[in-house]
Amino acid sequence: MPPKRKASDIGSARASKISTPNPATPVSLRSEDNDEYLSGSNNQSDQDYVSGSEQEHINRFKKKTAFSSYSSKAKTNRARPSIFGSKDFSYLSLKPDHDNRPLWIDPSVSAGSKKGPKITLESFSPLAAQAEDFLITVAEPQSRPIYLHEYRLTEHSLYAALSVGLSGQDIIRTLEKLSKTPLPTTVSDFINRHTKSYGKVRLVLRDNRFFVESEEPTIIQMLLKDPVIESCRKEGAEVVQGTLANKAVVISGTSDARGARQTADQPGQNTEAPKEGRETKEDEIMKALRDEDDEEDPSKQTHSFEIGPNTREKVAERCLDIGYPALSEYDYQNDRVNPDLKIDLKPHTQIRSYQEKALSKMFGNGRAKSGIIVLPCGAGKTLVGITAGCTIRKGIIVLCTSAMSVFQWSNEFKKWSDVNSGDVAVFTSGEKEKFRGQTGVIVSTYSMISQTRQRAHDSEEMMKWITSREWGLMILDEVHVVPAAIFRKVAENVRAHCKLGLTATLLREDDKITDLNYIIGPKLYEANWMELADQGHIAKVQCAEVWCPMTIEFYQEYQSLSSRKQALLYIMNPTKFQVCQFLIDYHERRGDKIIVFSDNVFALKQYAEKLKKAYIFGGTGQQERIRILENFQHNDAVNTIFLSKIGDTSLDLPEATCLIQISSHYGSRRQEAQRLGRILRAKRRNDEGFNAFFYSLVSKDTSEMGYSAKRQAFLVDQGYAFKVITQLSGMESLPGLAFKTLEERLELLNHVLLQQETNADIANIEQIDEDLFSGRSGALNSHGKKKALVRRQAGSLADLAGGGQMAYKEQNVSRNKQLKKDRGPQSEYFKKEARARERRRKARQKEQADAAGVD
DNA sequence: TAGAAGGGAA
DNA sequence: CGGACTCCCTTCTA
């Protein structure tokens, strides 16, 4: 255990070392020679600075240095005021007992922004656990390494906090209590601004129709004046008045009564042993803070208007935009319209503490809220979904990304709950079942539901059946895919009272992830991976990045190539291959099961064939896949498999304990996290001192390094430390090490370049034909850029690699055309590409024709 | 069972 | 900011 450093220690240590320039007169002190700040004492500025009491002096130091650990820029000892820039908060005074308070709160909030203040938690503080429970309720975790956790208050995180029953005042009060400085007014303003209009508008589903509802007629009027919302109002629909239905039943209970009711609904939770700290500190905070004044008058009038079909999402988005988030909470206990489903957790089913915590966010006030729960892979997302279903006990629809997970879900339902197997139906292209009873569980895929093209007859029937009913709960597995244009239609097509999104990695490389806030709902819970690992729910992982130097011949070629062609070179770097071979050998001898990932199929095959291991990629047949996976799982002789991107999502991988990544898709953080997730569920995690291993092989001094850093960002935020390995001892002496001689390496280089050339060559031919056909000379594309025509570097190749053995000879264009005609069986890929190109060309022509027609 | 078609990720 | 790139998925049809 490393020593726990307190901010105060840091502060005083630095105070004795560095000089203290006066922040008020930084210009005069900013000499060209920075050393002035580091060595010797600058008495003059010291004098200026110590204007108040000695205590104040120290306080300022503490504050300044602690805030400097805030910003990653300030890692050096060069603690100059200028480096704080706008982040110089020395004007805030510290509370006398600030050592005992765990939070630093950044007061800078830009007006009107939805992003609120940043909060930094000292995780070594005695109050950290309590503060963390509070923070995951009200803020979004940004980064959680070992000592300092960063959170951020956002509009959405505040909404989520309010929906579990906190009020704006509660949040302000608790922050004030935990903060080292008095709570800046900018922060309390931000909280007030975003909490005052919360809960005024509801979006309710009644009789399979959507209504916007509020208790205040003025708000309804205000919404109707908004052009966007007005346009979504169903034609001719008037504002109708009603009374809140039976709210008294729900609200009457105190939080204790509610707890009792909930556990009565979920016997599984009841049997959960208290050893994992059921009564969390968070609960205590919640109890202490919960406003008891949310008792609603059951006779309250409501005003509502109906909105047109398929406008729900638009209305929700607009309401959020104008600061009146439309809640859609489902009062499932008082739903007398939809038939109940007989489903309960089996008695032996145990819910883990964090799963329960997640669910308590969802059912916080006795109603079911829509939202997203983020749990790492292998932490039992399915069980969370099933438990939610067992609580609501109405019709359940589950959507997943692939047909395979459809069957997994349906099996999990039968495994963990006592639902009649006749009540669980699956809907995929292969099987179309309906449940026999009035209601039940249906499991399907996103693409089945969002299919726009013509459907087979029975599929059509099935869709009608699904869309014509109201669902109590819609579970969206792998919810991060939903923002894609096609999948988000699902939320419209299927009408559900409550939507629960589940994912391990709530991030995308595009900016659509925030759309989930109105498509589904806010993030309700996000687990701390490190904490789960410490508790033994998921495996502990040692992450390492291995830097493999490029061999000279490869690096020379690398530098001479265009960036696109460089990729294959750094993937096929012989040193990388040797490292891979060494690691496989090492871990196989330890008895690990190893998965090697490569995004590049060519490299995948080369590596696997050279090392004589099995590999699976998109083109591998179904039978073959199953055979390989089964061998990997049960046959002790098969300990290593190579997988392409196919392993990221669509394979049900057996457990592995070691993972090696030799090439990856640019900077995808999601992919990195997902791959790591493949080893998190390793069973041996309960052994003393057991670790799983995650290696990322990177070619040194290539663009791969940059991608690698970006990919790791998410995992680093989760608290994983990446070790950098530059030297593997004993690698050189490994028997049978590949590519030891220059000849071998040159041969490999040759092979790689040849592969590239063939690839590029065919593409170029296609390009020429296309240009000929479209009557253009190929000189310019629509952007006015020069299009790449046939360009080759035959000279450099021959020089480098002893071109005598080369199978490739340069051909002129007409010869290429001839070749194209004579070309034997094309690879599947090129056929597909040709089709895609053809499609694109047609689309372009059509566009041009259309444009001409308009003119 | 393969292939055609549409689509996603980044 | 939109397209090129490359791999992958799913559905339906022949």
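Keep in mind it's a predicted model, so treat the numbers as computed, not measured. Here is how names work: the chains are called A, B, and so on, in the same order as the sequence lines, proteins then strands, and each is numbered from 1.
Of the candidate nucleotides C:dC8, C:dT10, B:dA9, C:dT10 has the atom nearest to the side chain of A:T445. Listed candidates were C:dC9, C:dT11, C:dC7. Nearest to the side chain of A:R625 is C:dC9. Of all nucleotides listed (C:dC12, B:dA10, C:dT11), C:dT11 comes nearest to the side chain of A:S447. Distance from the side chain of A:R670 is smallest for B:dA9 among the nucleotides C:dC8, C:dT10, B:dA9. Distance from the side chain of A:M448 is smallest for C:dT11 among the nucleotides C:dT11, C:dC8, B:dA10. Proximity note for A:S644 (side chain, C-beta onward) versus C:dC12, C:dC8, C:dT11: the nearest is C:dC8. Here the side chain of A:S459 is nearest to one of C:dC7, C:dC9, C:dC12, namely C:dC12.
In this structure, A:F597 atom CZ and C:dC7 atom P are separated by 16 Å, rounded to whole Å. The interatomic distance linking A:D599 (CG) with C:dC9 (P) rounds to 12 Å, in whole Å. A:Y615 has its OH atom 16 Å from the C1' atom of C:dC7, to the nearest Å. A straight line from NZ of A:K645 to C1' of C:dT10 spans 16 Å, rounded to a whole angstrom. As a whole-Å value, the separation of A:Q674 CD from C:dC8 C1' is 13 Å. A:L643 has its CG atom 12 Å from the P atom of C:dC9, to the nearest Å. In this structure, CZ of A:F602 is placed 16 Å from C1' of C:dC7, rounded to the nearest angstrom. As a whole-Å value, the separation of A:M463 CE from C:dT11 P is 13 Å.
Listed pair A:S668 / B:dA9 fails the phosphate criterion, with no side-chain N or O lying under 4.0 Å from OP1 or OP2.
Cation-pi geometry between A:K593 and A:F632 is met: the NZ or CZ atom falls under 6.0 Å from the ring centre, inside 45° of the normal.
Partners of A:E624 under the salt bridge (charged side-chain N to carboxylate O under 4.0 Å, His left out) rule, at least two apart in sequence or in another chain, are A:R627. By the ring-ring contact (aromatic ring centres under 6.0 Å, His included) test, A:Y695 pairs with A:H587, sequence neighbours left out.
Side chains of A:Q661 and A:S696: a donor on one and an acceptor on the other come within 3.5 Å.
In this structure, A:K434 places its NZ atom where more than 12 heavy-atom neighbours from other residues, nucleotides or ligands lie under 6.0 Å away.
Among the heavy atoms of the strands, none lies under 4.0 Å from A:Y446.
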